[in-house]
Amino acid sequence: CLSSSQVNTADNEKLVRPNVQLQTLLRQAGAEQDVFTLKEVMVYLGKYIMSKQLYDQQQQYIVHCGGDALGAVLGVDTFSVKEPRILFAMVTKNLTAVRH
Ligand SMILES: C[C@@H](c1ccc(Cl)cc1)n1cnc(-c2ccccc2)c1-c1c(C(=O)NCCN2CCN(C3CCCCC3)CC2)[nH]c2cc(Cl)ccc12
C-alpha cells in the first residue's frame, strides 16, 4: 500500500533527475545531488542566472542566455521570467521523473 506521502505527493515534491547538460549547470550553481524536486531545480537555476549575470540590467525579468550553456539547455536565446508555464516546459524537457 502507498504511504500518505506517496499518495498525495504534490507536483513540486516529485523527484526528477536532470540530464547531463542541465546537471552541469546545477552543479555550477552549488548543487551536490543528482536527484531534485522541481522547486530545487528552479532555485539552483535562479542562482546560476544570478551568478552569471544573464538577466537584463534594465529589464531584470528578461534573461539573455543565447551565448551561455543555459541557452543550449533551454533551446532559446532569451526568455521572460514572467512566462513560468513556458519556462517550466523548457526546463522539464531536461528532466526525467524518478520512481521511488
Ligand atoms: C519567482 C522566481 C521564478 C521561479 C520559477 C519560474 Cl518558472 C519563474 C520565476 N523568480 C523570480 N525572479 C527570478 C529571477 C529573475 C532574474 C534572475 C534570476 C532569477 C526567479 C527565478 C528563480 C528563483 O529561484 N528566484 C528566487 C528569488 N529571486 C527573485 C528575483 N531576484 C532578482 C534580484 C534582482 C536581479 C534580478 C533577480 C533573484 C531571486 N529561479 C529561476 C529559474 C529560472 Cl530558469 C528563471 C527564473 C528564476
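In each ligand, atom 1 is the first atom listed, and ligand 1 is the first ligand listed.
Within 4.0 Å of ligand 1, heavy atoms belong to protein residues M42, V43, L45, G46, I49, M50, Y55, Q60, F79, V81, P84, L87, F88.
Side-chain contact between L38 and F88 is present, with heavy atoms from C-beta onward closer than 4.5 Å.
Checked against side-chain contact (heavy atoms from CB on, under 4.5 Å), Q53 has the following partners two or more places apart in sequence or in another chain: Y55, Q57. Not a single side-chain contact (heavy atoms from CB on, under 4.5 Å) links S51 to another residue, sequence neighbours left out.
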Could you pull out every donor-acceptor pair under 3.5 Å between side chains of residues 61-83 and any protein atom, sequence neighbours left out?
residue : atom : partner : partner atom : Å
Y61     : OH   : Q59     : NE2          : 3.2
H64     : NE2  : D56     : OD2          : 2.9
D68     : OD1  : Y48     : OH           : 2.6
D68     : OD1  : L70     : N            : 2.8
D68     : OD2  : Y48     : OH           : 3.3
D68     : OD2  : K52     : NZ           : 2.8
S80     : OG   : K82     : N            : 2.9

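One N or O on the side chain of T37 and one on the backbone of E40 form a donor-acceptor pair closer than 3.5 Å.
No path of Ile, Leu, Val, Met, Phe, Trp and Tyr side chains, each step under 4.5 Å between heavy atoms, connects V43 with V91, placing them in separate hydrophobic clusters.
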